[in-house]
Amino acid sequence: MSDTTVQDGPVLAADGTPLKRSLARALRVQKLRALMLIAPLLIFILVAFIAPIVDMLFRSVENQITSETLPRTVVALESWDAEGLPDDDTYAALAYDFMEAAERRRHTRLGSRLNYETTGISSLFRQSGRGVDDIGEDYADQFHDLNALWEEPATWAALMGAPDWVEDATGAEGTGQPFRLSVSAMETLPETADAYRSFARTVQEEDDDNPTAEEPWNTVYMALYRDLSRNDVSGYDGPMADLLAEAAAAVGDFTGMSPSEAWIDVNDDWGDREVWATIEAFSDPYTAGYFLTSIDLRLTPDGIEAQPEEQRVYILLFQRTIFMSGMITLMCVLLGYPIAYLLSNLPSKSSNLLLILVLLPFWTSLLVRTSAWKVLLQQQGVINDILVWIGIVADDNRLALINNQLGTIIAMTHILLPFMILPLFSVMKTIPPSYVRAAKSLGATNFTAFRRVYFPQSIPGIGAGCILVFILAIGYYITPELVGGRTGTFISNRIAYHISSSLNWGLAAALGSLLLALVLVLYWVYDRIVGIDNVKLG
C-alpha cells in the first residue's frame, strides 16, 4: 500500500525550520562549546610555546638594523660594484645617516651588530660617532663668512620649512608642530632638504627643541654646498632667494674636503673596502648570515665562504652535542633497564620504597646534584681518593674525571636517569608475568624467555625513555657548563653565551632553530624506524 502522507519540500524540525539547517546549527553550537572548553589550553600553548618559537625563527633571519640606521647609505650601496671604495655620494649619504644615528644613539647598536661579522667595526662606529660632528665644518665656516644670515636658525627654517609650518613654529613654545618640508626646497635643493629634515625631526624628537631656534648640523652645510655645486637654482623664487643666489655664485670658490676625505680623516678604516663590504652584505632587512655562521660559513660580497680555521666551532659543537647526548641516552638505558625491571617485579611494598630512592635525587635541586658531582669527580675528590686507597690508581696519576666529556656524561647520566626509569617502570609493570612463565613451561630458558617474550613488550618504554632523555640532554646547559670544561660543553652553552654575554641574539636564534630542526629530524627518523605509536608511558 502506498504512503499517502508524504509531503513535498524539505523536512521540517519541530520549530518549523528545515531539519538540515537545524542540525547544522546544533553542530556549530556543539563545536563552539568544545572550542571554549579547550580555549584556555589553546591560548596557553600559543602564548607560551608557539609564539616564542615563531619569534626565534624570525630573529634568526631578521636584520633590519642596518637598513633602519643607514637608509640612505644602503640605497647608495646598491650601485656599488664592490671593487675599490664607494663614490663620494655614498660617503655623503653615510654622513647624513650617521649624524642622525649618533644624535639618536643608534650607531653603537649597529656597530655591535656588524662587529659580529667583522671584528673592529664596533670601535670604528663608536669613534666615528664622536667625529661625525666635524664633517662639513669647513663648508659651514665658509657659508658663515659669506653671509652672517647662514648662522641664523630662522634663515634655515624659512628656506626649508613649509610656509604654514614656519608660521606655526616660529616663536612657539617647546618643539612646535612636527617639521614639514617646503615643496620648493625639495625640488631645488633635494640633498639639503633631506639632510635638514633629519636635523629638524631629530632636534624635535630627541632634544625637545624647536628647529627654528637651532643652527643645523655641519652635514647640512655640506649638503647645501653639494646641491649648489651641481644644481641650477636660478629659477628658485621662494624665501631667501637672494641669499641662495649669492651662495650659488660663491660656492665655486669654496674649498674643503670631499665626503670620502672627511670620513677617512675621522678614521682611516673608512678607507678599508672590507668595512663597506660588510655594510653592503648585511644591508638587506633579512639575511641568511646567522644561519651561515651557525654552520661555520660566512656571507661576503664575493659570496659564501668558509670561516677562518680558528673560528670554526659550531659544527664541532653540534657533533659533540649529538654524540654526548647519544652516549648519555645509552648509559641511561643500560643503567635504567635493570633498575626498572627490579622495581616492576618486586612486591609493591618493596618497589615503592626503592622507587622513592629513585625519585629522591629527582626532587633535589639540579645545582645541588651538579655541585655534588664536582666534589666527587675532582682529582682530589672522593672517587679518586677511593681508587687510590684500594690501589687501582697511583696517587701521582689520578684520573681526570671532571672538566671534560667524561664528567659531563657521568653527571648528566645521573641527572637524567629517572626520566629513563619511570617510563620503563610504567611499561614493565603492565607486562603480565604469566607470559614469561608460559614460555618457560614450554621449554624456553630464562634468557630465551626474556629475549623472545619480555624484552619486546618493554620496547615502548625504552622508546619513550630514549626520546625523553635525548631531547632533554641536547638542551641542557647548566650541568655541561659546570662540569664540562672546554671539551664537555654543548651547543646550548654557546646559545646561552650569545644570549647573555655577546648579545648576538640573531646567531643564538639561528643556533636554536637548527637545534629545533635537528630534534624534528631525529623525531622523524625515530618514527620511521621504531614508530611513534609504540611509545607508551604506561
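Remember, predicted model here, so these are calculated numbers, not experimental data. Every heavy atom of this structure was used, including side-chain atoms; hydrogens, water molecules and symmetry mates were not.
The aromatic rings of W276 and Y91 sit perpendicular, their planes meeting at an angle over 60°, well past the 30° parallel limit. Taking the six-membered ring for Trp and thresholds of 30 and 60 degrees, W270 and F125 have ring planes inclined between 30 and 60 degrees apart.
Although no hydrogens or angles enter the test, the distance criterion places a donor-acceptor pair under 3.5 Å between the side chain of D227 and the main chain of E191. Checked by atom type and distance alone, the side chain of T287 never pairs as donor or acceptor with a backbone atom of F282 at under 3.5 Å. Between the side chain of Q405 and the backbone N or O of G488, no donor-acceptor pair lies under 3.5 Å. Side-chain atoms of D296 come within 3.5 Å of backbone N or O of Y314 as a donor-acceptor pair. Using modelled atom types, no side-chain atom of T69 and backbone atom of T66 make a donor-acceptor pair closer than 3.5 Å. Between the side chain of T192 and the backbone N or O of L224 there is at least one donor-acceptor pair closer than 3.5 Å. The backbone N or O of L367 lies less than 3.5 Å from no partner atom in the side chain of T370, so there is not a single donor-acceptor pair. Side-chain atoms of T219 never come within 3.5 Å of backbone atoms of A95 as a donor-acceptor pair (strictly under, hydrogens ignored). Looking at Y236, its side chain never comes within 3.5 Å of a backbone N or O of E187 through a donor-acceptor pair. Using modelled atom types, one side-chain atom of Y116 and one backbone atom of S502 make a donor-acceptor pair closer than 3.5 Å.
Residue-environment remark: OH (Y477) stays at or below the threshold of 12 foreign heavy atoms within 6.0 Å. Other residues, nucleotides and ligands place no more than 12 heavy atoms under 6.0 Å from the CZ atom of R109. The environment of CD in Q64 is crowded: more than 12 heavy-atom neighbours from other residues, nucleotides or ligands sit within 6.0 Å.
In this view, T108 and R126 satisfy the side chain to side chain contact (heavy atoms under 4.5 Å, CB included) rule, not counting sequence neighbours.
The heavy-atom pair separating S325 from F490 by the smallest distance is OG-CE2, 4.0 Å.
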Q. Could you walk me through whether S198 and R72 pass the side chain to side chain contact (heavy atoms under 4.5 Å, CB included) check?
A. CA-CA 11 Å; S198 292; R72 304 174 186 85; 2.4 Å; yes

Q: Determine, step by step, whether I491 and L511 satisfy the side chain to side chain contact (heavy atoms under 4.5 Å, CB included) criterion, reporting the C-alpha distance in whole Å, the side-chain angles of both residues, the deciding distance to 0.1 Å, and the verdict.
A: CA-CA 8 Å; I491 191 66; L511 292 171; 4.0 Å; yes

Q: Begin from the C-alpha positions of Q177 and D168 and carry the test side-chain hydrogen bond (donor to acceptor under 3.5 Å, both in side chains) through to its verdict.
A: CA-CA 7 Å; Q177 294 295 320; D168 293 338; 5.7 Å; no

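Identified under the salt bridge (charged side-chain N to carboxylate O under 4.0 Å, His left out) test for residues 80-93, with sequence neighbours left out: D89-R226, D89-R230.
Residue W217 is tested with Y96, F199, F98 for a ring pair (Phe, Tyr, Trp, His ring centres under 6.0 Å); the sole match is F199.
To the nearest 0.5 Å, atom CE of residue M324 and atom OG1 of residue T408 are 4.0 Å apart. Separation of atoms OG (S513) and CG (L518) is listed at 12.5 Å; rounding is to 0.5 Å.
Considering only heavy atoms from C-beta on, E206 comes within 4.5 Å of R105 through its side chain.
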